[in-house]
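The model shown is predicted, which means the values in this text are computed figures rather than measured ones. Every chain is numbered from 1, with letters handed out A, B, ... down the list of sequences.
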Number of protein chains: 4
Amino acid sequence: MSDVRGALSPRKSPVQARSTATIEALHVAAIQVLTKEGLARCTTTRVAHRAGMSVGSLYQYYPNRDALLAAVLEQHLDTVASAVSRCCREQHDKPVSDMASALVSTFLAAKLGNPAESKALYAVAGERGGAALVARVHTRMVEAIATMIATASDAHFVSPTDTAAISLNAVVGPVRALLEGHAPPEFEACLEVQLVRLLTAYLQSHCTPSKTGPTNTRGGRNPALERA
Amino acid sequence: MSDVRGALSPRKSPVQARSTATIEALHVAAIQVLTKEGLARCTTTRVAHRAGMSVGSLYQYYPNRDALLAAVLEQHLDTVASAVSRCCREQHDKPVSDMASALVSTFLAAKLGNPAESKALYAVAGERGGAALVARVHTRMVEAIATMIATASDAHFVSPTDTAAISLNAVVGPVRALLEGHAPPEFEACLEVQLVRLLTAYLQSHCTPSKTGPTNTRGGRNPALERA
Amino acid sequence: MSDVRGALSPRKSPVQARSTATIEALHVAAIQVLTKEGLARCTTTRVAHRAGMSVGSLYQYYPNRDALLAAVLEQHLDTVASAVSRCCREQHDKPVSDMASALVSTFLAAKLGNPAESKALYAVAGERGGAALVARVHTRMVEAIATMIATASDAHFVSPTDTAAISLNAVVGPVRALLEGHAPPEFEACLEVQLVRLLTAYLQSHCTPSKTGPTNTRGGRNPALERA
Amino acid sequence: MSDVRGALSPRKSPVQARSTATIEALHVAAIQVLTKEGLARCTTTRVAHRAGMSVGSLYQYYPNRDALLAAVLEQHLDTVASAVSRCCREQHDKPVSDMASALVSTFLAAKLGNPAESKALYAVAGERGGAALVARVHTRMVEAIATMIATASDAHFVSPTDTAAISLNAVVGPVRALLEGHAPPEFEACLEVQLVRLLTAYLQSHCTPSKTGPTNTRGGRNPALERA
DNA sequence: CATGAATGAGTCTTCATTCAT
DNA sequence: GATGAATGAAGACTCATTCAT
């Protein structure tokens with residue numbers, strides 16, 4: 001990623017307030033253009049003009065179009081990842097059901113807070129540089145989740161990282177389907193409840209029988225799965 | 001979707017062997033170019049040349065670039081959807097755990113059989129016409145899954161369609177993450193087992209206690225969820 | 001024109017009935033396509049298909065697109081020129097007013113009988129080869145008119161050819177304006193009457209005073225003009 | 001026409017001197033290419049290059065090829081129409097013979113001043129947008145002429161607009177024939193004199209007999225025509 | 001520093017023409 | 001003879017990027 005950063009990050013460090021404001025304006029403009037025109041028609045000129053400046057100025061802040069888009073994507077992903085990480089830290093040592101609902105509501109809040117933005121950036125994420133960016137952020141979120149679930153009061157995970165990765169992406173899938181219009185709008189109504197149920201059930205399938213009493217038969221319903 | 005089809009479907013019906021071969025060559029070439037160059041560089045000229053013909057010939061079969069990409073995407077999605085539908089039909093009246101594993105293995109086989117193709121087409125699915133295509137196919141798969149789970153021998157679903165939509169996308173999420181490189185390659189190793197566990201747990205959270213005997217405490221672990 | 005003919009005329013002499021019918025079908029189709037699609041979209045493939053044959057067959061009869069269009073134009077122009085020539089022959093030795101009305105009504109009948117055809121062919125006439133074709137036919141009509149007016153019973157023309165050329169084009173102008181939509185449709189209602197008046201007045205301005213009696217003061221209203 | 005203008009007018013208002021010069025260069029270049037290559041080969045690239053710039057620059061001033069051609073045509077037509085309008089205003093209240101000669105000489109001066117330009121633009125006038133443009137300008141000229149002849153000191157017109165339309169197009173016809181090469185070059189020598197005679201005779205055929213004395217039998221030579 | 005005009009390579013798409021079947 | 005698939009040159013138009021002002 002380091003070489004990518006070298007090529008794609010802003011030319012200037014945003015030490016000055018003006019730079020920060022300008023960059024922010026560019027990001028907002030980029031998302032608007034992305035939303036209204038689509039990735040292919042999201043041109044540097046259009047973004048600059050919507051941000052109230054000339055193309056030349058845009059190039060003062062980003063070496064090229066890809067760098068701008070990467071920065072916008074990165075900012076979005078960072079926001080999401082930070083929210084998730086913070087949430088995970090707060091749920092340490094809690095039972096998995098708490099973790100599940102906290103994680104789902106945090107993620108949904110972050111992604112559905114600005115659906116247009118989230119949706120628009122999926123296209124950017126699909127381009128050459130985007131996958132690496134997403135991978136990096138996913139790894140970060142997976143680590144946060146893995147660390148969290150490893151502390152669960154009522155479950156034990158043989159491979160927390162794998163479980164975390166599945167958990168994250170099992171939530172990401174339906175959310176993405178909703179944002180990209182692969183599911184009907186009504187789907188949104190039941191989304192949170194169902195995702196919590198999904199995640200809770202998945203995590204609870206790792207519950208330690210001993211912790212809930214000898215007569216309980218829940219944990220390891222399918223012992224074979226425990227190997228994974 | 002009908003108007004989209006009108007604009008995007010092949011110009012000639014592939015009744016002749018030659019046409020079929022040519023169209024197949026174009027599809028293969030499109031996927032190769034998509035994989036090696038990315039959506040933005042997947043130009044009609046490049047696809048035609050890789051398919052061993054000139055641009056003009058490509059336009060004899062497709063009215064424009066989008067139509068070609070849509071056709072490739074549609075073919076892929078149809079294959080997947082058909083496999084899923086067939087699988088669902090075969091699992092009617094079985095317990096949810098059977099359904100879960102059948103669904104997961106069928107979906108994985110369809111998607112990971114040709115990972116390059118699957119991956120390449122995600123970008124296409126993000127474009128204007130793609131979302132509608134995906135939505136249509138998703139609906140089809142969701143219906144197949146909903147119909148299947150409604151017959152489950154050991155569970156009752158208040159809203160089979162919603163449960164099916166969540167189930168499908170919860171599986172799609174991790175698979176897509178793997179294909180798009182958002183997860184490490186090692187992830188693949190545990191994918192199937194974990195997805196089966198995820199889906200089984202989710203579906204079993206809807207289990208009817210009465211069906212498995214009075215002493216069983218498994219079903220409806222979290223009764224509150226049963227409302228959804 | 002001879003070299004043009006060599007390059008643009010049909011490959012086969014239309015001795016066979018089939019050829020004649022085919023060529024006629026092509027001409028009709030060409031005019032239809034010209035009318036509905038415009039010159040730029042009047043392609044060989046489209047014309048052939050509308051004529052119920054394949055492109056290859058079209059090329060059996062015409063060496064290239066320009067030859068086809070030239071032939072269609074030529075046929076149209078020939079029809080008009082023939083009508084005009086015949087009309088002129090019939091008006092020999094009559095007074096100019098008879099000549100004027102006969103000429104106008106013949107020309108209008110020929111041009112406005114199929115307005116779509118006439119209009120469509122103006123575009124063809126504007127292309128490279130068209131001007132020469134038109135010039136040739138104009139010359140023919142001018143000669144016919146000149147020959148006719150030279151026999152007028154009540155006028156004498158110093159330069160019959162020039163007068164004929166002016167006469168022809170003075171009629172062509174308003175007709176073309178109507179066909180090309182440069183004038184409102186209502187214009188058509190008064191067209192014939194006004195053109196007859198125009199032409200009559202023009203030709204009568206050459207009237208020989210002696211021929212109509214000594215007291216008549218009409219002829220040579222403006223004697224200065226008689227020089228031309 | 002308004003929607004056409006919206007689509008075909010220049011992108012930038014030529015407020016800056018540079019813009020004006022650039023636009024002028026494009027117009028000149030367009031006419032040159034049109035003249036030397038014909039409408040079909042008058043491509044944006046060729047025009048731009050002849051104007052000493054790249055295609056991209058051309059598109060900075062015109063949204064598409066048609067807009068450029070329309071602008072060139074419009075400029076030409078406006079020049080002609082303005083000259084005609086001014087001329088008409090100056091001939092109010094004069095006898096028709098004065099009006100005829102002024103109109104003819106003004107029109108000839110405007111059209112034959114730059115024959116290449118006039119000729120080249122006939123092709124443009126034939127294209128989709130061109131006809132509307134020409135119609136608009138023709139209407140303007142017809143109105144100016146109608147207003148003028150209505151004030152004639154020695155004639156009365158029942159329908160000045162119709163007479164004006166015929167007058168204009170009767171002059172346009174021969175001029176166009178000359179420019180498009182439908183008439184021999186020698187034709188030009190007698191053109192003005194003959195057109196003046198043509199127009200004078202036509203307009204004088206509407207002369208009020210009373211104005212020129214009771215014994216005069218000229219006016220309304222053919223009383224039937226007076227109805228029109 | 002900001003501006004935005006200029007550049008020209010690169011896209012999509014069309015079409016006249018040929019030629020194997 | 002007829003057919004229509006294949007060709008590829010050419011045209012319209014876009015856009016990332018630069019640089020003179």
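- Straight-line distance from the OH atom of C/Y62 to the C1' atom of E/dT17: 17 Å, rounded to whole Å.
- Comparing the axis of the opening five pairs of the helix from E/dA2-F/dT21 to E/dT21-F/dA2 with that of the closing five pairs yields an angle of 0°, rounded to 10°.
- A 4.5 Å side-chain heavy-atom check between A/L133 and A/V124 finds every atom pair outside the cut-off.
- Side-chain contact check for C/L26 versus C/Y62: some heavy-atom pair is nearer than 4.5 Å.
- As rounded to whole Å, 11 Å separates atom C1' of F/dA5 from atom CE of B/M53.
- Sorted by first then second residue, the salt bridge (Lys or Arg N to Asp or Glu O under 4.0 Å) pairs that include residues 33-57 of chain A, not counting sequence neighbours, are A/E37-A/R41.
- Listed by chain and residue number, nothing satisfies the side-chain contact (heavy atoms from CB on, under 4.5 Å) test with C/A40 (two or more places apart in sequence, or in another chain).
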Please write out each protein N/O paired with an N/O of nucleotides 8-12 of chain F under 3.5 Å, distance rounded to 0.1 Å.
unit_1, atom_1, unit_2, atom_2, d
F/dG11, OP1, D/R46, NH2, 2.5
F/dA12, OP1, D/R65, NE, 3.1
F/dA12, OP2, D/T44, N, 3.0
F/dA12, OP2, D/T44, OG1, 3.2

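- One atom, CG of C/L68, and another, P of E/dC15, lie 15 Å apart when rounded to the nearest Å.
- Here E/dT3 presents its P atom at 11 Å from CG of A/L58, a figure rounded to the nearest Å.
- A sub-4.0 Å separation between OP1 or OP2 of F/dA2 and a side-chain N or O of C/Q60 is present.
- Residue C/H27 is tested with C/E74, C/Q75, C/Q32 for a side chain to side chain donor-acceptor pair (under 3.5 Å); the sole match is C/Q75.
- Atoms NE2 (A/H49) and C1' (E/dA2) sit 12 Å apart, rounded to a whole Å.
- For the side-chain contact (heavy atoms from CB on, under 4.5 Å) test, residues two or more places apart in sequence or in another chain that qualify with C/I31 are C/T35, C/V72, C/E117.
- Rounded to an integer number of Å, the gap from B/Y61 OH to F/dG4 P is 12 Å.
- Listed by chain and number, the residues in a side-chain contact (heavy atoms from CB on, under 4.5 Å) with D/A123 are D/L39 (sequence neighbours excluded).
- Looking at heavy atoms from C-beta onward, A/L58 lies out of side-chain contact with A/T45 at the 4.5 angstrom threshold.
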